[in-house]
Amino acid sequence: MTEYLRFLYRCFRLSFVGDWKYYAWMVFLTCISLFGLNAYCQQLVTGLGTTGMTDQVSWGLYIANFTYLVGVAAAAVMLVIPAYIYKNKDLHDVVIFGELLAVAVIIMCLLFVTVDLGRPDRFIHLFLRFNFPLSMLTWDVIVLNGYLLLNLHICGYLIYCTYRRREPNKKLFLIPFVLIAIVWAISIHTVTAFLYSGLGGRPFWNHAIIAPRFIASAFAAGPAFIILTLQVIDRFTSHHVPIGALRTLRQVVTVALTINVFLLISEMFTEFYTGAEHARSMHYLYFGLGEYDALVPWIWTAIVLNSTALVLLYLPHAKRGLWILNVSCVLMIVGIWIEKGMGLIVPAFIPTPIGEIVEYTPTLNEILVCLGIWAFGLLLYTIMVRITVPVLNGELTSDTLHPSEMESVRHETV
Amino acid sequence: MTLRIFEGKGASGESRRPCGSGAGACSSRPGMTRRSFLRASAGATGGLAAFAAAISPLKDLDSGDIPDLDTFLQKHYKEMSEAEMNAALDRIRARVEERYKVRPDIRDIKPMDGVEFVYALNLSRCIGCRRCVHACVDENNQSRDPEIQYIRVLEMPRGTTDIEQGNHHYERARVPDENHYYMPIQCHQCANPPCVKVCPVEATWQEPDGITVIDYDWCIGCRYCEAACPYWARRFNFVEPRLASPEEIAKTPDIESKRLNPEMSYLSNRPRSKGVMEKCHFCLHRTRQGKMPRCLEVCPVGARKFGNVLDPDSDVSNILRTKRVFVLKAELGTLPRFFYYFDERDPTAEDLPAMEHGGQP
């Protein structure tokens, strides 16, 4: 136990140590987080009136980001499955970075839900009267927190065992949890999709295809994010990321994005060819309704980004260079963010169930809160990677000192 | 820190930041040079200062925004004992009196046995004057700035009942317009309410008399119910509700006290706080005591009918028996208790020519 506390203390110390690039990056993220915190405090004082949301469009940027990030978190499973089920050696080396990303991203998801609450001070009511299993939101609370705990356990256990130079007890403490986490990852995104698709009063959401599309887009955007992250880790830390891992992920992303585009076409065909009243929100999203067309440029940008990414991924020479892969990853991360954020949440509210059209524009305060949460999430992830890399490389173990700790030791011995 | 070191890979490596470049940097302080100590404390101080600056808006929090311990520990409506309810009502009384200088008559009015309320609205009669809309705001202490209204009246072109074609924002010097008819929409008090199903904390539920209510002290403000409602009947307090705008208060300082309706009940029109949901509750503080809803009382043309559907002699029972009524979005299976009908020929009237039979099928 003391040893564990000492481990935590050393991790804490280590997160404050690095070269100037590390400091600059951390200070930058801390500043943005604090701006976000400041904006959130304004919101606490004034109420959700500081956002662009109205009774007509009652969910906005917060829930949009939440939905997108649940997908990114779920996508960690795309590293876990090849690593643990198909015994892919390359991915096994880096799978922990996917799981750590899931931890950071789930925390971001929980923050996004919290800032969306009108009365966060009554959070405790969730524990006192939990409308389970009727409310899909209660399912979401369970699966998100469960996924967080599972990944915390898997990462924490692996890292601590390596730190103590012990062989992890895989059969008992690792593999069962990894297998549960695989199913659980799919469940977090399915449940989040059901949150929307279960509402009969919102035809735009009330489709069976919402959940499959969620999964497909998540398995494209999430691994795309991880592909970029792994390269950053490879470049800025001493941890080597095998190129094979990126290749496998590239295949995952290609297949997932293809399925996503296919499902999108199926959805659009059904809605537009039928031409029923149901398609009003869809019509608003893609073409606008009369003078109201705020989302039209967004969604077409997303379509262009995603299609370009898809074409780039299928280019025959793409295997040669990483930069094409990186470009398409960036394109689809942005494209899917628009598609699933602005494109999935907001149009469901326009027009309202009784036909009124009120558009939604996020306010600066709202955007600052979102940026703050993103920065905080990246901050957490950076710290986790900062600690994990030296542990995995054997630079930080229970019986050795990390180079950064040499300074203090030398003075102790002087 | 213990010194079980100087073996293994990490220790053999060169120290990244050897003892400070300045000669005096190696202080006697164990484990830390003066420079690194100063740097660390400067960092910590700067960080704390930045954090304090970031949370500084919180100093403007209203005292009402921070719940006292009793309010924080207040139980869910269904779990409160009579004594606990009385204590809660006392707290509400004190808060209302402090803020509006009016002693409210607030009670927890329970549903009556053998009663299920139903509303029926005669579309042939409604003239779209919106008196119901404004009377409702007066009765139920809704926020006036911004104004929260429970009833939305649609101006509908003749020849359709498709609400997508209604005009929400019509302004006319005179109503009704001869080319339109009018359709007021408010909470339909569904028998299968989607809003109740989705609430994660059971802050909203259906009472035995069919009214879906909200415990404003339990709602966490997630707005899932607002997304779930197919009739756009729910309203959220995005800011602190006020009974008058700042300009009105400047002109008439006691305007809020004058506007407050002191006849209140726990589940209906007591003042709400920011960040919670509210909606039409069929004026339960009136209707559970034998009165009619306020929107019905002010209707100048008698388009609104309300009553107990379990009583075969009530107006609403008669309408459901004899009129061709319809509900909005019947296909969603929400089973609204709010019915619309048009005046029509009475098929049982004696002056209609009687046919021998209805013809072959």
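- With a 6.0 Å cutoff to the six-membered ring centre and a 45° limit on the axis angle, B:R130 counts as a cation-pi contact of B:Y170.
- A:S33 does not touch chain B: none of its heavy atoms, backbone or side chain, sits under 4.5 Å away.
- For B:K197, the parts sitting under 4.5 Å from any heavy atom of chain A are the backbone and the side chain alike.
- Contacts with chain A were tallied for B:P230, B:C229, B:A227; B:A227 has the most, counting heavy-atom pairs under 4.5 Å.
- Ranking B:G221, B:A54, B:A50, B:G275 against chain A, the residue ahead of the rest is B:A54, based on heavy-atom pairs under 4.5 Å.
- Within the 4.5 angstrom heavy-atom criterion, no atom of B:K75 approaches chain A.
- For B:R144 and B:E147, the salt-bridge test fails: no basic side-chain N is under 4.0 Å from an acidic carboxylate O.
- Under a cutoff of 6.0 Å and an axis angle of 45°, B:R235 and B:Y150 do not form a cation-pi pair.
- In summary, the side chains of B:Y231 and B:T334 do present a donor paired with an acceptor at a separation below 3.5 Å, with no hydrogens or angles considered.
- Between chain A and the options B:Y224, B:F51, B:F236, the largest number of non-hydrogen pairs under 4.5 Å is found for B:Y224.
- For B:I185, the part sitting under 4.5 Å from any heavy atom of chain A is the side chain, from C-beta outward, and nothing else.
- At least one donor-acceptor pair closer than 3.5 Å links the side chain of B:T45 to the backbone N or O of B:S41.
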What pairs of donor and acceptor atoms, side-chain ones from residues 348-356 of chain A against any protein atom, are under 3.5 angstrom apart with sequence neighbours left out?
from   : atom 1 : to     : atom 2 : distance (Å)
A:T352 : OG1    : A:I354 : N      : 3.4
A:T352 : OG1    : A:G355 : N      : 3.4
A:T352 : OG1    : A:E356 : N      : 3.0
A:E356 : OE1    : A:Q56  : NE2    : 3.1
A:E356 : OE1    : B:R152 : NH1    : 2.7
A:E356 : OE2    : B:R152 : NH1    : 3.3
A:E356 : OE2    : B:H169 : NE2    : 2.8

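- With a threshold of 4.5 angstrom between heavy atoms, A:L199 approaches chain B through side-chain atoms but not through N, CA, C or O.
- A:T192 and A:D140 form a side-chain donor-acceptor contact under 3.5 Å, judged by distance and modelled atom types alone.
- Heavy-atom distances place both the backbone and the side chain of B:L58 under 4.5 Å from chain A.
- Interface residue B:E240: only backbone heavy atoms are found under 4.5 Å from chain A.
- Using a 4.0 Å cut-off between charged nitrogen and carboxylate oxygen, A:D116 and B:R223 count as a salt-bridge pair.
- A:R129 and B:E202 are joined by a salt bridge, as a carboxylate oxygen and a charged side-chain nitrogen come within less than 4.0 angstrom of each other.
- Using a 4.5 Å cut-off between heavy atoms, B:I148 does not touch chain A at all.
- There is no contact between B:N167 and chain A, counting heavy-atom distances below 4.5 Å.
- A salt bridge links A:R119 to A:D121: at least one charged side-chain nitrogen sits closer than 4.0 Å to a carboxylate oxygen.
- Using a 4.5 Å cut-off between heavy atoms, B:A53 contacts chain A through its backbone alone, with no side-chain atom that close.
- Of the listed residues (B:P194, B:G166, B:G47, B:C219), the greatest number of heavy-atom pairs within a distance under 4.5 Å of chain A belongs to B:C219.
- Per-residue heavy-atom pair counts under 4.5 Å with chain B were compared for A:L37, A:L195, A:N131, A:T51, and the maximum is reached by A:N131.
- Judged purely by distance below 3.5 Å, without hydrogens or angles, the side chains of A:N393 and A:S238 pair a donor atom with an acceptor atom.
- Contact annotation for A:L396: neither backbone nor side-chain heavy atoms come within less than 4.5 Å of a heavy atom of chain B.
- Between chain B and the residues A:T30, A:L126, A:T50, the largest count of heavy-atom pairs under 4.5 Å involves A:L126.
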